[in-house]
Structures are given as structure tokens and as C-alpha cells.
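Note that the structure is a prediction, hence the values are computed from the model and not measured. Note on naming: letters A, B, ... go to the chains in the order of the sequence lines (proteins, then strands), and numbering restarts at 1 for each one.
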2 protein chains.
Amino acid sequence: MTTSHSLATAPSERLGTGTQRLSLNRWTFRTTPLQEFLDATTAQGIGAVGLWRQDVAEVGLDALRRRVDDAGLRVSTLCRGGFLTASAEADRAAALEDNRRAIDETAALGAPSLVLVVGGVDQADKDIVGARSRVTEAVATLAPYAAERGVTLSIEPLHPMFAADRAVVSTIDQALDIAEASGSPAVGVVVDTYHVWWDPYLERAIQRAAATDRLFSYQVCDWNLPLAAEPLHSRGYMGDGFIDFPSITRMIKDAGYTGDIEVEIFNEDVWATPAAESARIIAERYAQLVLPHA
Amino acid sequence: MTTSHSLATAPSERLGTGTQRLSLNRWTFRTTPLQEFLDATTAQGIGAVGLWRQDVAEVGLDALRRRVDDAGLRVSTLCRGGFLTASAEADRAAALEDNRRAIDETAALGAPSLVLVVGGVDQADKDIVGARSRVTEAVATLAPYAAERGVTLSIEPLHPMFAADRAVVSTIDQALDIAEASGSPAVGVVVDTYHVWWDPYLERAIQRAAATDRLFSYQVCDWNLPLAAEPLHSRGYMGDGFIDFPSITRMIKDAGYTGDIEVEIFNEDVWATPAAESARIIAERYAQLVLPHA
């Protein structure tokens, strides 16, 4: 990592507009080699990428940062920290330590925020309420560490379909409760359309997130049916499913959000598509369904 | 139908206690002939059944009522009305008319409540907000018709996994908003653990339902993983999945609910099990996980 990258870069200096505001999440291209992914991104005039810790592990932190810089791209988010629901003391300590490393990586990549997928329910005790308490406590513990490094923690409410095995945080409001309980301005929420589009109180929750300065990331992909055999892979290109992107994007805009708009699609068909073509489709759908309302 | 069945039977006269309070939903035994289903129910000392309109269509309304009476069983609910999200005027009129027939059938069966699955989103317009408005309007239109016949309408929030294709009502609070907007005491909610167990505001919502006299039905079955190829069929026997039945049942009890507790399981393995055995398992799990807390 070069010393030319200030961690204190203000968010306003980091913003893109138009297609530069679009960010491609690495997992949308998980089967694509890193350089091909970066090339496909810049070829569309897209300004940022969302990276995963797997990329850090494979390429190395400094080399990864250098390659993203060389491509002229920003890093919108790092995926992912979290998994904070374990009840055994040793497991909790290990999870906190792993999250501190993830925060360090986020800072080193110059990404403003680490995405937290908080973890699921232990089928042995089925105690979802207890699991949530442990998340609240762990997030509050991690918040100062993140703040000191100029990084925010974006709690990701996952679709309730994943409440048992992946995330006991299922709504924006619930994520905001946890963020507020942390007492830190470094904790907020990522709004991913796939996970929250069904929420009857969506607009109110988005307004609350923005009003409390906790709306840290907006991510878009569609809800496709039928669900894939692995439900996690039912995400689709914007426009292929049931989500009303113009309406939700207007809620985000009206709330005052001006940050990156990230596209994270887990889908076997997308992974089987050449990266350049997939990036082209995403840029096109973004221009049609999202950008005019953002 | 005999004239000995008063539609004005007060709810308190209809209540069972212990295993008599348990109700088996017909769809848990959809592959079982009607009489075998009724026999399996009474053999376990179970007091009620939840019926479906398909039973009415197959057996005839009077004959169905007679056979349930002859078995000494109550009818806890009729499934199902709803599907009120269509936007074309002719479709909306047809849906209202069909729901009036379902209300008539509910009354004729002596069941206190008709369960409403409200319908999904039209992929052509993707307008979930508009679909919800049409539900609110239609429910308010149907409420007086139901009230005149001594029947309540139980809106069923379905798991958000089904928001696109089956029900744009996803939470208890949202169902209560619609119930209150109807201006009628005949509209309320069914709390089905499978659909709402993940809700971070579950206890508050149950208390609200009871405090407004709109908690009409409590249904139990488990959230199994992995999801079945047809996600609708991922419901399991209590105890097989991730749901904390003692805790949720105590919320229901503490809110003052004393009505039937219905078991509705859609599951290929359950359907492949002999009805007598399946009813035995359900009664056993109910006695272990639900009844002590109810």
C-alpha cells in the first residue's frame, strides 16, 4: 500500500456521479479473475467496486489496493464482517478479533464502510432474542475501533428468509435500533433492495436511517422467482424480477443519500456470463431503472 | 346443514382446553381422505379442524358440516379467502364475490373466522404499494358482510419470502394497520409462527393485536432448513426447525389469547406419513412445546 492514500478522505471527495457512482460488487463476478473484473468495470465507466475479504486473502492487501488504484477505481465497501451471534465466550472473542482485522482491511483499502452480516440462530437453543442481544453488544464493542480507523460499520439486514442461518437482523429499523444502541455515529445500515423491498414500512425506515446519518450504502439487485435451489442465488439483474427500482431509489434520493450505488448479484446464470457482458447489462439496467431516480 | 348450529355461538362457548384446544389443519393431511383425517384427529383427543374451501367443493357444504359434527369436532378456521390485489375492475369484482361466498361457507361451517391470504404483486407493474392499497380497500368492503354473518376475517401475514407471489402483507403490524383501517371489529390477524417468527418486533405486535381484540388465530409449525425446492413446503413439525415455540406461545398467552391453536404443515414428508402417525406426532410435540406455555 502506498502512503498517498489518506484514510481521512472525506466522503464528499469520494463520490461519483452518473455511472461513476455505480459500484460493482466482486461477488457478482466471483468466478471472474480479479483483473478481468476490474477491466470489465472500467470499460463501462463504472467508478467503484465492492470487495470481499476473500480477495484480500487471495491477492494480499497491498497488492489488492494497488490494483484497484491502478484501475482508477474506488472501493465502496468491504464484505464482510459480522457473524457475532455465537454464545461461547471463546467464539465471541474470536469473532471480535476477526472483525477488528476486517476493519483494518477496510481502512487499508480506503473503503468507507465494512458490511456486517450479523449471523444466525443456534439451532441448539433457538434463542433468536438472545442472538440479537449478542449482536447489539458486539457491535457496540467494535464501533470505537472502527471509528478510530475512519471506517463505518454497515449492518446489513438480510431477508427474513435468512434469519435462521445467516442474519438475525431482518429490517432496516432493527439495524437502526442496534446502531443507535451502540452510541456511535460509526454504525449504520446498508439498504439492499433484495433484502428489504417487501418491508411495509420501507420508506419510513429509509427516512429514519438518513435522518440519523446512518444510511451508509445502497445496493440494488432484483428479487427473482422461482427461488433458486440455493435461495441465496435468487438475486437478479435489476428489471428481471419484482422490485420497483424507481420507487425505492426515489425514497433513497429523497432521504438525501448521495453515495455509491452497488450491485451485488448472486446468480448462477450471471456467473456463467462473460464479465464484460454482465457489466454491460448492469450498467444498462442501472441507466434505465436506477440512475434517473437517484 | 342442520338448524341446530347457531351462528351466534359466542367464542367462549367454542373454546377447548388442553388437547381439545388443538386444531389440525386439513392441508397438513391434504393427501388423506376426509374421514381418515377426521378419525386421526379424534383418535388423539384433538378438538378441532381447520378446513379448506377445496373440501367444501369436493364434499359439499352440508355434508362437510355433518361429517365434522358427527366426529364431534369444531371448525377453527376456513382457508382461504383473499387474493385481493388485482387491479382490473372485473377481476376485483370477481374476487370480492368469491370472498363473499367464502364468508358464507365459513358461517355455514360454524367456523369463527375466514383466513385471508391477500395476494401478490403484478410483475407487469411491480407496484407493491398499490397492491396493498387495493387489499386495504377490499378488506374494508368485505368486513360488514362478514360481521353480518357472525364471521371474522383473519388476515394472514405471510413470510416476506412470499411477498411477490402470494401476499403483500408480511407482518402482524401491517395486517393490524389494514384491520384498523377497515373500521370494523370483524377484521384481525392470524399469527402463524412460520410466517412471523423472525419479526424483531413480534412481541409488541402480538400485544397490539390482542389489545385491539384482533388476535383471531394462533397457528404453529416450524421453520425447517434447507428450504424445500418448493419453499411453501418447508414447514415442519414443531421442534424440527429453528422456532422457539415456548417463547412465542408465552407471548400469545400473556397477551390473553385463549382460542384454538392450529397446526398447518405443508411438507412432502408429512404428506407421505400415515395420517394417524402424523396426528400422533403433532399431538406429542404440541404437548411438549406448546401446551405447557399456552
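- In this structure, no portion of A/Leu202 lies under 4.5 Å from any heavy atom of chain B.
- Only the side chain of B/Pro231 comes within contact range of chain A, with at least one heavy atom under 4.5 Å from a heavy atom of that chain.
- The minimum heavy-atom distance linking A/His159 with B/His159 is given by the pair CE1-CE1, 4.2 Å.
- Residue B/Gln123 comes nearest to A/Asp240 through the heavy atom pair NE2-O, 3.4 Å, listed as atom of the first residue, atom of the second, then distance.
- The residue among B/Gly241, B/Ser247, B/Ala124, B/Ala228 with the most heavy atom pairs within less than 4.5 Å of chain A is B/Gly241.
- The candidate with the highest count of non-hydrogen atom pairs below 4.5 Å against chain B, out of A/Asp173, A/Val129, A/Val169, A/Val168, is A/Asp173.
- Considering CG of B/Asp125 and CG of A/Asp244, their distance stands at 8.5 Å, rounded to 0.5 Å.
- Within the 4.5 angstrom heavy-atom criterion, no atom of A/Ala229 approaches chain B.
- Taking every heavy atom of both residues into account, A/Asp222 and B/Lys126 meet most closely at OD2-NZ, 4.2 Å.
- Counting heavy atoms from C-beta on, the side chains of B/Tyr201 and A/Asp177 come closer than 4.5 Å.
- Comparing A/Pro226, A/Ala163, A/Ser234 by how many heavy-atom pairs each has under 4.5 Å with chain B, the most go to A/Ala163.
- Distance check: B/Leu227 CG to A/Asp165 CG gives 8.0 Å after rounding to the nearest 0.5 Å.
- In this structure, the separation between CZ on B/Phe242 and CG on A/Asp127 is 13.5 Å, given to the nearest 0.5 Å.
- Heavy-atom minimum distance, A/Pro200 versus B/Arg132: CA-NH1, 3.6 Å.
- To the nearest 0.5 Å, the span separating CE on A/Met161 from CH2 on B/Trp198 amounts to 12.5 Å.
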